[in-house]
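In what follows, a single structure is set out as structure tokens and then discussed.
Residue numbers start at 1 and run along the sequence shown.
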Amino acid sequence: MERIRRHFIFYGYVQGVGFRYKARHAAERFGIAGWVRNLGDGSVEMEAEGSPDDISALITALNDYSWGSIERFDADDVPVEGGYSFEIR
């Protein structure tokens, strides 16, 4: 199975609405490793490592999140680290 790692920055109504906890829950459901954290400008940063399909499913789950809203996000591929857990930082 191919594994990739992507770095994301999410913009919109993504802080103060449980977004990081939703990200961790969805990541664990899809077997994705990585981390998520709030940034000082109101955005949320995340790295996710797993199969391309699982990462796409994670992004879909975050877009379907009813309390927050993602206006846009930036994504870049980064080197695979081989992690096995997903944490909130």
Side-chain angles (χ1 to χ4, degrees):
M1 171 181 71
E2 176 191 15
R3 287 180 67 86
I4 62 169
R5 188 173 187 98
R6 289 216 171 102
H7 177 262
F8 295 91
I9 304 284
F10 297 97
Y11 301 93
Y13 188 43
V14 292
Q15 285 194 21
V17 293
F19 186 87
R20 292 174 299 152
Y21 298 93
K22 172 67 174 181
R24 183 181 62 189
H25 176 75
E28 290 172 348
R29 188 174 69 212
F30 297 117
I32 293 172
W35 52 266
V36 63
R37 67 179 171 193
N38 287 340
L39 296 178
D41 66 357
S43 63
V44 172
E45 180 180 29
M46 180 177 78
E47 283 195 9
E49 181 175 320
S51 75
D53 288 344
D54 288 338
I55 291 175
S56 291
L58 171 63
I59 300 305
T60 298
L62 292 174
N63 273 318
D64 291 344
Y65 188 51
S66 62
W67 292 345
S69 64
I70 299 169
E71 290 177 7
R72 68 180 177 87
F73 65 88
D74 298 328
D76 294 301
D77 290 336
V78 294
V80 172
E81 294 181 9
Y84 294 98
S85 65
F86 193 92
E87 67 182 34
I88 296 172
R89 293 185 173 173

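Residues meeting the side chain to side chain contact (heavy atoms under 4.5 Å, CB included) test with E71, sequence neighbours left out: none. Residues meeting the side chain to side chain contact (heavy atoms under 4.5 Å, CB included) test with A75, sequence neighbours left out: F8, F73. Residues satisfying the salt bridge (charged side-chain N to carboxylate O under 4.0 Å, His left out) test with D76, not counting sequence neighbours, are none. For H25, the side chain to side chain donor-acceptor pair (under 3.5 Å) criterion is met by no residue, not counting sequence neighbours.
Cluster partners of W35 are absent, since no Ile, Leu, Val, Met, Phe, Trp or Tyr has side-chain heavy atoms less than 4.5 Å from it. Taking Ile, Leu, Val, Met, Phe, Trp and Tyr as members and joining any whose side-chain heavy atoms lie under 4.5 Å apart, directly or through other members, the hydrophobic cluster of I9 also contains Y11, L39.
To the nearest 0.5 Å, atom CZ of residue F10 and atom OG of residue S69 are 12.5 Å apart. Between the CG atom in L58 and the CE atom in M46 there is a gap of 4.5 Å [rounded to 0.5 Å]. One finds the CD1 atom of I4 at 4.0 Å from the CD1 atom of I55 (value rounded to the nearest 0.5 Å). Taken to the nearest 0.5 Å, the CG atom of D64 stands 11.5 Å off from the CD1 atom of I59.
Residues E2 and S51 fail the side-chain proximity criterion, which asks for heavy atoms closer than 4.5 Å.
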For a quick test of your reading: what N or O donor-acceptor pairs under 3.5 Å do the side chains of residues 82-89 make, sequence neighbours left out?
| unit_1 | atom_1 | unit_2 | atom_2 | d |
| --- | --- | --- | --- | --- |
| E87 | OE2 | R89 | NE | 2.9 |

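Between the side chain of Q15 and the main chain of S43, a donor-acceptor pair closer than 3.5 Å is present.
Listed by first and then second residue, the salt bridge (Lys or Arg N to Asp or Glu O under 4.0 Å) pairs that reach into residues 46-60 are R3-E49, R5-E47, R5-E49, sequence neighbours excluded. Within the structure, the salt bridge (Lys or Arg N to Asp or Glu O under 4.0 Å) test picks out no pair touching residues 10-36 (sequence neighbours left out).
In terms of heavy-atom proximity, G42 sits nearest to V14 at O-CG2, 3.6 Å. Of all non-hydrogen atoms in L62 and F19, the two that sit nearest each other are CD1-CZ, 4.0 Å.
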